[in-house]
Structure formats: C-alpha cells, structure tokens
Amino acid sequence: MMRRTIQYIALTIGCALMLFVFVAVMSFSRLDDAYAQWGATDMVIDYMADHDGQWPNNWTDLQPYFDAGGGRVSGWTYETFQQHVWIDFEADSTELHKLSQRATSPPFNVIDSTSVFGPQFGDGPNGTLMRHFNPDAPNPNPPTTATVELAQ
C-alpha cells in the first residue's frame with residue numbers, strides 16, 4: 001500500500017512539473033505577444049488622438065499606424081499581428097473614459113492576446129488605456145529614474 005502511495009505522489013509531482021514547464025515555455029515563446037499588445041494599445045491611442053477621441057472601427061483603421069512602425073514587433077506582417085492581438089472594435093471610448101475615472105485597476109478588457117499564454121507587461125494594455133483616459137489612475141509599474149532619463 002505504501003509503495004502505491006509513493007508511486008501516486010511521484011506521478012502527481014511529475015505531471016505538475018511537466019505542466020509547469022509547458023506553461024513556462026508557452027509563455028516565453030509568446031513574449032512577442034506582450035510587445036504586440038503594447039503596440040496595439042499605442043496604435044489605438046494614436047488613432048484616437050488623430051480622430052477626436054473616436055475608437056477605431058476595425059483593423060483597417062489601424063493599419064497606417066502599424067505601417068509607420070507602431071506595432072512594436074519586427075518581422076511581423078500586419079496579418080500576423082492581427083492573429084496575435086484581439087481588439088474589441090465595438091468599444092466606446094466615451095464609456096471607457098467614464099469607467100476609468102474612479103478605477104484603480106482596469107475596469108474593461110478591450111485589447112488582449114489571442115492566446116491564453118500571451119503574457120503582458122505590467123497591468124497590460126487595458127491598464128495603459130485606463131491611465132490614458134485617467135492620468136491620475138494608479139500605475140503599478142511607475143517608470144524608474146533610469147527609464148525617465150532614457151526617455152529624455
């Protein structure tokens with residue numbers, strides 16, 4: 001009986017270890033997705049700045065921003081970019097602005113990775129959008145002194 005218990009424990013630990021390695025490998029292999037989400041957020045914000053705060057209607061609206069280097073991923077076609085990033089084109093920028101005013105964390109999910117293994121930087125693209133709509137919202141990853149100096 002004791003031997004069978006030890007075998008079950010070893011099997012469970014082995015399976016857990018394999019699952020952990022699988023998730024880690026998938027997350028690191030999808031690191032470009034984090035850059036793509038960052039780029040998509042920048043493109044949406046730039047689009048809104050150029051179109052009186054209006055949210056883009058579709059991918060076609062964002063293509064000029066991607067073509068200008070806004071995707072933050074090199075070597076990807078626009079089609080590949082679209083396969084890795086999800087954007088809710090039905091979102092309403094006025095509503096997103098209202099939701100952001102009292103929020104301490106992103107109250108919406110309008111930009112994300114198409115993969116469940118797609119990592120994000122900081123609080124992700126929706127956190128960046130929340131702070132765009134409400135610059136006073138808390139930033140869990142404020143820029144460091146070195147980052148500020150590099151940006152200048």
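Residue numbers count from 1 along this sequence.
Between F108 and L129, the closest side-chain pair of non-hydrogen atoms falls below 4.5 Å.
Side-chain N or O atoms of Q37 include one that pairs as donor or acceptor with a backbone N or O of P119 at under 3.5 Å. For N126 (side chain) and I111 (main-chain N/O), a donor-acceptor pair under 3.5 Å exists by modelled atom type. The backbone N or O of G70 lies less than 3.5 Å from no partner atom in the side chain of D42, so there is not a single donor-acceptor pair. Proximity of a side-chain donor or acceptor of S93 to a complementary backbone N or O of G53 within less than 3.5 Å is detected. Checking side-chain atoms of W55 against main-chain N and O of D88 turns up a donor-acceptor pair under 3.5 Å.
Summarising the geometry of V73 relative to Y35, their closest heavy-atom pair is CG1-CB, 3.8 Å, with the distance given to 0.1 Å. Between P138 and M130, the shortest heavy-atom distance links the atoms O-CE, 4.2 Å. Scanning both residues, D33 and H84, for their nearest heavy atoms gives OD1-ND1, 2.6 Å. Contact between V85 and A40 at its shortest, heavy atoms only, is CG1-CB, 3.7 Å. When all heavy atoms of L62 and M43 are compared, the pair lying nearest together is CD2-O, 3.8 Å. The minimum heavy-atom distance between L96 and S100, with the atom names listed, is O-OG, 2.8 Å.
How far CG of D50 is from CE of M48: 11.0 Å, rounded to the nearest 0.5 Å. With values rounded to the nearest 0.5 angstrom, D46 atom CG is found 11.0 Å from H51 atom NE2. For the atom pair CD (Q120) and OG1 (T41), the distance works out to 8.5 Å, reported to the nearest 0.5 Å. A distance of 11.5 Å separates OG1 in T114 from CD1 in I87, rounded to the nearest 0.5 Å. We find the OG1-CG distance between T128 and N139 to be 8.0 Å, quoted to the nearest 0.5 Å. Separating the CH2 atom in W59 from the CZ atom in F81 is a distance of 5.5 Å, to the nearest 0.5 Å.
As a member of the Ile/Leu/Val/Met/Phe/Trp/Tyr network built from side-chain separations under 4.5 Å, I6 groups with M2.
Counting heavy atoms of neighbouring residues, nucleotides and ligands inside a 6.0 Å radius, atom CD of E90 does not exceed 12 of them. Applying the 6.0 Å contact sphere to CG of D52 captures no more than 12 heavy atoms from other residues, nucleotides or ligands.
In terms of hydrophobic clustering, with Ile, Leu, Val, Met, Phe, Trp and Tyr side chains grouped at heavy-atom distances under 4.5 Å, F89 and W86 are assigned to different clusters.
Ring geometry, Y65 versus Y47: the interplanar angle exceeds 60°, so the pair is classed perpendicular (tilted spans 30 to 60°). Using bins of under 30°, 30° to 60° and over 60° for the plane-to-plane angle, the ring pair H97/F133 lands in the perpendicular bin.
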